[in-house]
Structures are given as structure tokens and as C-alpha cells.
Amino acid sequence: MASTDTKILVIGAFGQLGSELVPELVKIYGRQNIIVADIYPNNNTLAASVEELDVVNKKQLEEILRKHSIAQIYHLAALLSASGEQHPQLAWEVNMQGLLNVLDLGVQLGIEKIFWPSSIAVFGPNSPKVKTPQLCIMDPTSIYGITKLAGERLCEYYHYRYGLDVRSLRYPGLIGYNAMPGGGTTDYALHIFYEAISKKSYACFLKEDARLPMMYMPDAIRATIELMQAPVENITVRTSYNLSAFDFTPAEIATEIKKYIPDFKCTFAPDFRQKIAESWPNSIDDSIARRDWGWQEKYTLSTMTAEMIQKISEKENMVVKQI
Ligand code: VAH
């Protein structure tokens with residue numbers, strides 16, 4: 001457990017994950033111990049300090065780490081799958097050079113612990129589709145998935161070669177109501193809520209039967225913190241842990257939403273993101289995470305939908321049917 005003056009840097013703090021993780025870290029460690037950095041920072045944060053950072057700039061990162069005497073890093077900055085396909089060279093540069101800078105400075109400055117997010121995007125068309133295991137064929141076809149697979153091997157190398165305590169989770173699609181995602185293939189599962197509530201209609205960019213592993217953001221944040229607080233002797237995976245909660249198709253989440261918005265109409269107009277989704281698993285076996293550090297999700301598709309409808313309706317000042 002971190003001491004009361006452990007300084008924690010969250011890189012990419014204003015993205016979908018960072019926007020929800022920072023408030024939890026502030027609650028646990030105190031706002032004075034949380035420093036946030038982003039390429040597009042703003043002051044809408046509970047953290048004590050805000051830094052502008054392009055994580056590809058190693059000198060800039062080192063200055064921030066030294067200035068704040070950082071002990072732990074959550075390195076979240078990356079281009080996601082859809083954005084990566086539109087800018088593959090930039091995705092490789094940000095996702096790989098950014099991680100390499102964090103790992104190298106982690107060793108150089110003796111950073112205690114590092115968190116880095118991987119993704120189910122590391123799996124590919126020849127990976128088992130159902131209950132995809134921790135270890136199997138991994139042949140990602142998106143540049144995002146390629147950077148995440150390479151990044152996992154880098155994290156494992158820096159652990160065994162230099163003793164760096166870097167920990168990672170292969171997140172499924174993440175759904176939350178606080179921050180809009182940017183450039184993900186699973187983002188439809190968030191957009192559908194906003195469109196259903198405000199317009200009662202949504203044109204989904206995936207096919208109705210595109211089954212993908214998903215998770216409600218509060219579960220993802222809790223998993224991240226539980227992994228980082230787990231005793232080091234419990235951590236047996238130094239690439240990245242499979243992590244799962246539930247899986248669904250666009251048709252299934254549309255049906256769940258209709259319980260609250262009966263006249264909601266969802267249509268399906270697959271675009272380039274359908275091909276990315278087809279290369280990913282339908283469901284994930286996360287038994288190693290459950291064994292090593294006691295992972296257990298709390299939300300289901302049904303309870304997530306109920307909460308998302310309620311929270312977004314409040315945000316948008318809309319009234320929807322209660323069930
Ligand atoms: C994406 N939300 O869609 C991310 C995630 C499993 C998908 O990595 O790119």
C-alpha cells in the first residue's frame with residue numbers, strides 16, 4: 001500500500017479511462033499526491049497539479065517525474081483502435097515510444113510501480129474466439145493491437161531484465177458515463193446510450209451480432225486499483241492479465257435499452273470498425289486474474305444499463321421510464 005506521501009503521475013489523465021481513474025486515486029491517496037499530465041490538459045480535475053506532456057518527449061517526461069518526485073505512474077496515453085487505423089505511424093510512435101520512455105525512466109529514476117493498459121485487441125483472427133485464454137495464439141490485425149502486444153512483451157522484458165514492477169490489464173470495451181471515449185471500436189456501446197436518450201434512435205457502426213467482451217467503467221477502475229495494490233508475490237503475469245465482466249452484441253444492448261426507452265430504434269450500418277471487431281474475441285477467460293488477485297466483477301449488462309440510463313438522463317436532464 002502506498003504511503004501517505006506517495007506521488008502518483010497519471011499520463012493521459014483526460015482520456016476516457018483517466019477521467020474516471022483520477023477521482024478514485026484522489027479519494028485513496030489524497031489530491032496533493034495526484035499529478036495529472038496530458039497532451040491536451042485542462043483544469044477540470046481533482047488532482048493537485050496539471051502538466052502538459054507529450055509522452056513521446058522523454059526530456060519533458062523526465063522533468064515532470066523529477067519535479068514532483070513521482071513514485072508511481074499510470075501510463076494511459078495511447079491512440080485506440082479506430083484512430084490507430086486512420087493514423088498507423090502516429091499510433092506506433094505514441095503507443096510504443098511513449099511506453100518505452102516510461103519504462104526507461106522508470107528504471108533510471110527507480111519508480112516503485114507502473115500501470116499500463118493493454119487490451120483484448122492483442123488477440124486476432126486465429127486466437128480462440130470464445131473464452132479466449134491468457135496464453136494462446138495472438139495475431140492482432142490492428143496497429144493498436146500490434147502496439148499492445150509489443151508493449152506487453154516490453155513490460156515483461158523490463159520486469160525480468162531490470163526488476164521494474166510494471167503491471168497491466170487487457171481491458172475489454174469500457175463503458176462509462178463521465179467521459180466520452182475517443183477513437184475506439186467499442187465506443188458504440190457508449191454512444192448508443194446518449195443517442196437513445198436524446199434522439200430515441202442510433203445507427204450502430206457494427207453489425208447487430210458483433211459480440212464483444214465489455215465492462216462497466218466502475219468495475220474497470222476497481223480492477224486497476226486492486227491489481228496495483230495486490231502483493232507483488234501474487235503477480236504471476238508480467239505481460240498483461242486477461243480481464244472480463246460480460247459480453248454482448250449491439251442487438252442485445254439495444255434490447256436492454258428498450259426496457260427503459262420502449263420506442264428506441266437501433267439500425268446497423270457497419271463501417272471499417274466492423275473488420276476490427278471481427279478480429280477480436282467474443283468472450284474472455286480471466287481465471288488467472290481471479291486466482292492471482294481475486295478479481296470479481298460487480299456489474300452485469302442489466303445493472304450497467306440501468307445505471308447508465310439513470311446517470312446520462314440526469315446529465316442530459318431527460319426523463320426516461322423506470323423499470
Ligand atoms: C478500442 N476501447 O475500442 C478500445 C479497446 C477492446 C477495445 O481497447 O479500441
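What's counted below: heavy atoms across the whole structure, side chains too, no hydrogens, waters or symmetry copies. Atoms within each ligand, like the ligands themselves, are counted from 1 in listed order.
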Are any of the N or O atoms of Trp280 closer than 3.5 Å to those of ligand 1? no
Report the relative orientation of the aromatic rings in Tyr74 and Phe115; use parallel for angles under 30°, tilted for 30 to 60°, perpendicular for over 60°. tilted
Closest non-hydrogen protein atom to atom 9 (O) of ligand 1, residue and atom name please, with distance? Ser81 OG, 2.6 Å
Is there a heavy atom of Leu174 sitting under 4.0 angstrom from any atom of ligand 1? no
Arg167 side-chain N/O to Ser240 backbone N/O, donor-acceptor pair under 3.5 Å: no
Which of the atoms in ligand 1, numbered in the order shown and given with their element, are less than 4.0 Å from a heavy-atom of Thr185? 1 (C), 3 (O), 9 (O)
Please answer whether the main-chain N or O of Asp247 pairs with a side-chain N or O of Asn282 as donor and acceptor at a distance below 3.5 Å. no
Which label fits Phe246 and Phe248: parallel for a plane angle under 30°, tilted from 30 to 60°, or perpendicular past 60°? parallel
Which atoms of ligand 1 are found less than 4.0 Å from any heavy atom of Ile120? 6 (C)
With respect to atom 5 (C) of ligand 1, which of Tyr188, Tyr144, Phe123 exhibits the smallest heavy-atom separation? Tyr144
Answer yes or no: is there a donor N or O on one side and an acceptor on the other, between the side chain of Tyr216 and the main chain of Lys298, under 3.5 Å? no
What's the shortest distance from atom 2 (N) of ligand 1 to any protein heavy atom, and which residue and atom give it? Thr186 OG1, 3.0 Å
Distance (rounded to the nearest 0.5 Å) between Leu9 CG and Ile64 CD1: 6.5 Å
Which ligand 1 atoms, with their elements, are less than 4.0 angstrom from a heavy-atom of Leu80? 9 (O)
Residue portion contacting ligand 1 (non-hydrogen atoms closer than 4.0 Å) for Ala121: neither
Between CZ of Phe123 and NZ of Lys148, what distance do you get to the nearest 0.5 Å? 14.0 Å
